[in-house]
Asker: 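Questions regarding the structure given below will be posed in turn.
In this chain, residues are counted from 1 in sequence order.
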Amino acid sequence: MNDLNDLIYVATVAKTGTLSGAARELQVNHATVFRRIAEFEKDMGVRLFERTTGRYVATAAGEELAIAGTQMALTAERSLIKVAGRDLRPSGLVRITTTDSVALKLLNPILKECRARYPEITLEIGIDNKMADLAKRDADIAVRPTLKPPDYLVGKSIGMLSFSIYGSIDYLMMTGVKPLAEHTWIALDDTQERHRSLVWLQKITALEQVAYRMHGFSSVASACEDGLGLAVLPCFVGDNAPSLQRLQKPVPELASELWVLTHPDLIKAARIKAVFQVFQQELIKLKNSLQGTQTRKINPVVETY
C-alpha cells in the first residue's frame, strides 16, 4: 500500500505548480519532493503530472489524487486543533440529582448558563428528596442540603441554608395574633421523617395534629401560598414568594448547608468537571438568598411559644 502522505505531496505540487514551491510549503528539500512524486507515479503505474516549461500540471489522475490529499490534510489539521484543545468542547450527558425546591427555585438560570457555555452537553435533572447513590452511578452530580455529605464524595459547600416560618398574607390577616401551637400547620410527610424541620415542629405541636403533610417543600410552599396554614420553608423559597410573610429570623436549629457533590472518579470527565464548576460558581452568587439575609420585612403576628 502506498504511503498516504504521498497524497499531500501530490496536492501541494498541484497547488504550487513547481517542485520548489511544494518543497517550501512542505518544509523539505526539492529532491525529496521529486523523489516522492516519481516513486508514487511508478507505484501507481500512472502519470500524475505533465512537465511543461518548468511547471508541473496535474493530469486527470493527478487532479483526483490532489483533491484527496487536500481533504486528508484538512481533516488532519482539524483533528490536531481539536486534540490540542483549541476546539475541544465538553460534550455528552450529565445527570444531576437534587431536591424539588432546589430544582424549581434555583436551578433553571444555572442550567441556562451551562447550556450557553457548553452547548454540546445535555443536562438531565432528576428530582428526588432522597440522596442518590453516586457511587452506583445513579447520577453524576448532586446538589443537596446536608450538614455531613458522604465521605466517598468530593464537593464544595456553597454555604449555610437557612429555614424560617412563613404564612400567606391572607392567612395571617384571617387568624390574627395567637401562639404558634394554635395555628394550622403544613409540613413534610413521613417519607422525610428525619428532616430537622419535622423534629423542630414537634416542639410546637404533635405531628398527628398537623393538618397537611406533603412530599416536598415545593408542595408545602404552594399550599402555604394558598393560605392553608403556616409552614417551615427554606428561606430561598419563602423569601421569594410574594404572597408569603416571614414570621421571624431564620431558626438556628434548622440550619443546613447546600453542597455540590460528585464522585472522585467522575470529576475527571471533562463534561462533568465543566458542569460542576458552573454550578459551584453560580450557586455561590445566591448565598444571601440561601442564608435568608436578604432585606426582608418580618411580620411578627404570632406569639412565640
Side-chain angles (χ1 to χ4, degrees), residues 98-106 127-131 143-149 157-259 289-294 296-305:
T98 191
T99 64
D100 62 331
S101 55
V102 170
L104 296 175
K105 300 298 182 180
L106 298 180
I127 298 176
D128 194 332
N129 292 321
K130 293 182 178 180
M131 177 74 81
V143 183
R144 288 285 171 185
T146 179
L147 286 173
K148 186 174 175 32
S157 173
I158 302 303
M160 182 184 296
L161 183 63
S162 297
F163 292 74
S164 191
I165 306 169
Y166 295 85
S168 72
I169 297 171
D170 290 343
Y171 172 81
L172 295 171
M173 289 179 63
M174 179 183 67
T175 58
V177 178
K178 60 182 180 180
L180 287 175
E182 295 180 14
H183 279 273
T184 303
W185 283 88
I186 314 158
L188 298 174
D189 62 25
D190 284 337
T191 60
Q192 299 185 69
E193 59 184 2
R194 296 183 180 179
H195 196 281
R196 56 177 42 87
S197 66
L198 294 181
V199 176
W200 179 85
L201 186 55
Q202 288 183 88
K203 300 175 183 178
I204 308 295
T205 184
L207 294 184
E208 293 79 7
Q209 301 300 314
V210 173
Y212 308 102
R213 306 290 301 277
M214 300 184 180
H215 186 62
F217 278 119
S218 292
S219 298
V220 172
S222 179
C224 191
E225 288 182 81
D226 287 340
L228 274 65
L230 299 184
V232 172
L233 295 172
C235 290
F236 73 84
V237 174
D239 285 354
N240 291 293
S243 65
L244 293 184
Q245 293 281 301
R246 192 204 288 183
L247 306 187
Q248 61 182 61
K249 293 180 179 180
V251 181
E253 306 96 284
L254 298 178
S256 185
E257 292 182 82
L258 188 66
W259 285 77
S289 179
L290 296 172
Q291 294 174 0
T293 55
Q294 292 177 318
R296 177 80 179 184
K297 184 178 180 181
I298 295 174
N299 188 340
V301 298
V302 297
E303 298 176 359
T304 57
Y305 66 99

Asker: Ser197: which residues meet the side chain to side chain donor-acceptor pair (under 3.5 Å) condition with it, sequence neighbours left out?
Answerer: His195
Asker: Would you compute the distance between atom CG of Leu290 and atom CZ of Phe236 and round it to the nearest 0.5 angstrom?
Answerer: 6.5 Å
Asker: State which residues pass salt bridge (Lys or Arg N to Asp or Glu O under 4.0 Å) with Asp170; sequence neighbours excluded, sorted by chain then number.
Answerer: none
Asker: Testing the basics here: between Pro145 and Leu161, what is the closest heavy-atom pair and its distance to 0.1 Å?
Answerer: CB-CD2, 3.5 Å
Asker: Quick check against the 3.5 Å criterion: does Tyr212 have a side-chain atom that pairs as donor or acceptor with the backbone of Gly229?
Answerer: no
Asker: Would you confirm whether Ser243, through its side chain, and Ser168, through its main-chain N or O, come within 3.5 Å as a donor-acceptor pair?
Answerer: no
Asker: Asp190: which residues meet the side chain to side chain donor-acceptor pair (under 3.5 Å) condition with it, sequence neighbours left out?
Answerer: Arg213
Asker: So which atom in Thr184 and which in Leu228 form the shortest heavy-atom distance, rounded to 0.1 Å?
Answerer: CG2-O, 3.3 Å
Asker: What pairs with Thr191 under side chain to side chain contact (heavy atoms under 4.5 Å, CB included), at least two apart in sequence or on another chain?
Answerer: Asp189, His215
Asker: Can you list the residues that meet the side chain to side chain donor-acceptor pair (under 3.5 Å) rule with Ser157, with sequence neighbours excluded?
Answerer: Glu257
Asker: When Tyr166 is tested against each of Asp239, Val220, Val237 for side chain to side chain contact (heavy atoms under 4.5 Å, CB included), which residue passes?
Answerer: Asp239
Asker: Hey, mind stepping through Arg196 and Leu147 against side chain to side chain contact (heavy atoms under 4.5 Å, CB included) and telling me if it holds?
Answerer: CA-CA 11 Å; Arg196 56 177 42 87; Leu147 286 173; 3.0 Å; yes
Asker: Under the side chain to side chain contact (heavy atoms under 4.5 Å, CB included) rule, collect the residues that match up with Leu104, sequence neighbours excluded.
Answerer: Ser218
Asker: Check whether Ser162 reaches the backbone of Cys235 with its side chain - one donor and one acceptor, N or O, closer than 3.5 Å.
Answerer: no
Asker: I need the Ser101 OG to Leu233 CG distance, nearest 0.5 Å.
Answerer: 9.0 Å
Asker: Looking at residues at least two apart in the chain, or sitting in another chain, which of them share a side chain to side chain contact (heavy atoms under 4.5 Å, CB included) with Gln209?
Answerer: Thr205, Ala206
Asker: Tell me, please, which residues at least two apart from Met173 pass side chain to side chain contact (heavy atoms under 4.5 Å, CB included).
Answerer: Ile169
Asker: For His183 and Lys178, what are the C-alpha separation, side-chain angles and deciding distance, and is it a side chain to side chain contact (heavy atoms under 4.5 Å, CB included)?
Answerer: CA-CA 7 Å; His183 279 273; Lys178 60 182 180 180; 3.4 Å; yes
